[in-house]
A.B. asks: 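Sharing a structure here in structure tokens format.
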Amino acid sequence: MKTISFPRKIQKHLSKLKRAGKTVGLVPTMGALHGGHLSLIRRARRENDVVVVSVFVNPSQFGQGEDFRRYPRPFARDKKLCEKEKVDVIFNPPPQTMYPKGYLTYISVDRMSDVLCGKHRPGHFKGVATVVAKLFNIVQPDRAYFGLKDFQQARIIGRMTADLNVPVDVVTCPTVREKDGLAMSSRNVYLGKSQRKNSVLISEALHSAVDMVKCRKAKNADKIIEKVKKDIRRIAGARVDYVDICDPETLEKKTVAKPPFVILAAVRIGKTRLIDNVILLK
Ligand code: AMP
């Protein structure tokens, strides 16, 4: 496994492999790898000759007062995990390489970036779309892998890729959960013991909402949302940023919870912001 820190270097390394007809799969991450990341890496490993994992805590997607500085960066551990998964290249550029002095170019995906998490984290998806576009240009993968845990992000990247005619297949992968149902996240390590225990109520509330729809016990979106919020507020110190029921393609709000839909939530427990969602296609 190679660790490469500079765009030119990785471009040179991969162009040789591509000329030899190898396919390339990219898994963009911010590191602090867990089972969710590993599921993307394993899928990329199955579907491509060469697997590249980027490990980059992207400053442009963090707002003022967010956790950019304290975001976990256990790079030696990440490297070991990638080695074990037979990753070919880790790309870990220093921030000043990705955003050198004088940097001015950003990508924004209208409308879809202003709702849900975008409403609570202004500029976040502009940072995400920009860094992913940069990674696509640097790595020029055949396929890139994204988790549905970050549902809005996956849809925005899909939109951007289609809109800009980027020749990359965007592959989405299901959310991987802890045994009790909490969606795996690098931020889960911030949770104290009792916060961690209570955080399971988020996924439980979302799943029980979907069950209610499946059993035809409810379909009014506002009523379902209120019930989910009430359930989540049982977590001590929890503040709900949003719970919404949306169209899974456009992210537009739905008033009737008729499949296909996705129910999404963002919750702050103390200083930790957690997101989760459950999709019901039919
Ligand atoms: P991050 O390092 O948090 O930026 O995540 C990198 C990629 O891993 C993104 O595509 C995420 O959606 C994906 N990911 C994070 N957590 C999970 C999870 N629990 N299940 C599946 N994919 C995940």
Side-chain angles (χ1 to χ4, degrees), residues 27-46 53 55 67 70-87 117 145-154 171-215 217 224 227-245 248 261-281:
V27 182
T29 82
M30 298 207 297
L33 302 181
H34 51 67
H37 298 115
L38 298 186
S39 74
L40 310 189
I41 294 172
R42 285 174 191 150
R43 175 128 186 227
R45 184 67 283 167
R46 286 199 299 277
V53 174
V55 173
D67 57 344
R70 72 176 182 131
Y71 198 86
R73 291 166 170 85
F75 189 58
R77 183 177 169 274
D78 289 347
K79 247 170 119 167
K80 271 194 201 139
L81 287 170
C82 286
E83 190 107 55
K84 213 168 143 212
E85 298 298 332
K86 303 202 165 20
V87 168
C117 283
Y145 296 81
F146 295 88
L148 288 170
K149 191 250 174 188
D150 299 274
F151 190 87
Q152 186 176 12
Q153 168 174 288
V171 182
T172 55
C173 307
T175 300
V176 178
R177 298 178 179 282
E178 301 288 355
K179 275 203 187 101
D180 64 357
L182 174 67
M184 288 189 183
S185 163
S186 305
R187 291 189 167 99
N188 291 350
V189 297
Y190 298 153
L191 297 169
K193 217 170 166 188
S194 73
Q195 291 178 328
R196 167 64 190 84
K197 203 167 148 225
N198 291 332
S199 60
V200 65
L201 289 172
I202 302 169
S203 66
E204 282 180 5
L206 294 173
H207 280 103
S208 89
V210 167
D211 287 344
M212 270 163 46
V213 175
K214 278 189 191 161
C215 310
K217 282 191 193 143
I224 297 169
K227 163 90 171 60
V228 171
K229 284 184 177 170
K230 204 173 138 201
D231 289 349
I232 292 175
R233 288 195 184 110
R234 284 164 42 213
I235 305 172
R239 278 169 302 142
V240 177
D241 266 3
Y242 66 81
V243 174
D244 268 316
I245 292 178
F261 70 81
V262 55
I263 179 162
L264 314 97
V267 181
R268 294 170 197 267
I269 304 181
K271 280 188 181 165
T272 308
R273 189 173 186 276
L274 301 177
I275 58 171
D276 198 354
N277 67 83
V278 177
I279 307 155
L280 186 62
L281 291 179

A.B. asks: Quick one: are Tyr190 and Tyr71 in side-chain contact, heavy atoms under 4.5 Å?
C.D. replies: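 Tyr190 vs Tyr71: side chains touch.
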A.B. asks: Do you know which two heavy atoms are closest between Ile269 and Ser199, and how far apart they sit?
C.D. replies: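 Scanning both residues, the minimum pair turns out to be CD1-CB, 3.9 Å.
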A.B. asks: With a 4.5 Å heavy-atom cut-off, do Leu274 and Leu191 have their side chains touching?
C.D. replies: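 With C-beta onward as the side chain, the pair touches.
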A.B. asks: Phe261 and side-chain contact (heavy atoms from CB on, under 4.5 Å): which single residue from Leu281, Val213, Ile224 fits?
C.D. replies: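 Running side-chain contact (heavy atoms from CB on, under 4.5 Å) over Leu281, Val213, Ile224 with Phe261 returns exactly one hit, Val213.
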A.B. asks: Using every non-hydrogen atom in the two residues, find where Ala238 and Val267 come nearest and quote the distance to one decimal.
C.D. replies: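 Reported closest heavy-atom pair: CB-CG1, 4.0 Å.
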A.B. asks: Is the shortest distance from a Lys or Arg side-chain nitrogen in Asp67 or Lys271 to a carboxylate oxygen in the other one below 4.0 Å?
C.D. replies: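 Salt bridge: no.
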A.B. asks: Does Cys117 offer a backbone N or O that forms a donor-acceptor pair with the side chain of Asp241 under 3.5 Å?
C.D. replies: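 A pair under 3.5 Å: no.
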A.B. asks: Give, for atom CG of Leu40 and atom CD of Glu85, the distance between the pair rounded to the nearest 0.5 Å.
C.D. replies: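 Answer for the CG-CD pair, Leu40 versus Glu85, is 11.0 Å.
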A.B. asks: I'd like to know if the side chain of Arg77 and the backbone of Leu33 have a donor-acceptor N/O pair within less than 3.5 Å.
C.D. replies: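 Present.
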A.B. asks: Do Arg196 and Asp180 come within less than 4.5 Å of each other through their side chains, counting heavy atoms only?
C.D. replies: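 Of all side-chain heavy-atom pairs linking Asp180 with Arg196, at least one is under 4.5 Å.
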A.B. asks: Below 4.5 Å, heavy atoms only, C-beta onward: do Phe146 and Pro28 meet side chain to side chain?
C.D. replies: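 When only atoms from C-beta onward are counted, Pro28 and Phe146 do touch, with a gap below 4.5 Å.
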A.B. asks: For the pair Asp276 (side chain) and Ala266 (backbone), establish whether a donor and an acceptor sit closer than 3.5 Å, ignoring hydrogens and angles.
C.D. replies: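 Not a single qualifying donor-acceptor pair exists.
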A.B. asks: Given 3.5 Å as the limit, does a donor-acceptor pair link the side chain of Asp244 with the main chain of Leu264, or not?
C.D. replies: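 Checked: no pair found.
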A.B. asks: Are any side-chain N or O atoms of Asp231 and backbone N or O atoms of Leu206, one a donor and one an acceptor, separated by less than 3.5 Å?
C.D. replies: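 No; zero donor-acceptor contacts below 3.5 Å.
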A.B. asks: Where the side chain of Arg45 meets the backbone of Lys86, is there a donor-acceptor pair that is under 3.5 Å apart?
C.D. replies: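 Present.
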A.B. asks: Quick check for you: to the nearest 0.5 Å, what is the distance between His37 atom NE2 and Leu81 atom CG?
C.D. replies: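 It is 10.5 Å, given to the nearest 0.5 Å.
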A.B. asks: Would you compute the distance between atom CG of Asp211 and atom NZ of Lys217 and round it to the nearest 0.5 angstrom?
C.D. replies: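 Here the rounded value is 8.5 Å.
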A.B. asks: Taking atom NZ of Lys149 as the centre, does the number of heavy atoms from other residues, nucleotides or ligands within less than 6.0 Å exceed 12?
C.D. replies: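 Atom NZ in Lys149 is crowded, with more than 12 foreign heavy atoms closer than 6.0 Å.
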A.B. asks: Which atom names give the shortest non-hydrogen contact between Pro72 and Val189, and what distance separates them?
C.D. replies: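 What the structure gives for the nearest pair is CG-CG2, 4.2 Å.
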A.B. asks: Let me confirm one number: the CD1-SG distance from Ile41 to Cys173, rounded to the nearest 0.5 Å.
C.D. replies: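 If we round to the nearest 0.5 Å, Ile41:CD1 and Cys173:SG are 11.0 Å apart.
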A.B. asks: With rounding to the nearest 0.5 angstrom, report the CD1 to NE2 distance, Ile202 to His207.
C.D. replies: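 Answer for the CD1-NE2 pair, Ile202 versus His207, is 12.5 Å.
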A.B. asks: Got a second to check how far Ile245's CD1 is from Ile263's CD1, nearest 0.5 Å?
C.D. replies: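 Reported to 0.5 Å precision, the distance equals 4.0 Å.
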A.B. asks: Compare all side-chain heavy atoms of Ser203 with those of Arg177 and state whether any distance is below 4.5 angstrom.
C.D. replies: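 Heavy-atom side-chain distance check passes, below 4.5 Å.
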A.B. asks: For the residue pair Val243 and Ile232, what are the closest heavy atoms and their distance?
C.D. replies: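 Taking Val243 first and Ile232 second, the nearest heavy atoms are CG2-CD1, 4.3 Å.
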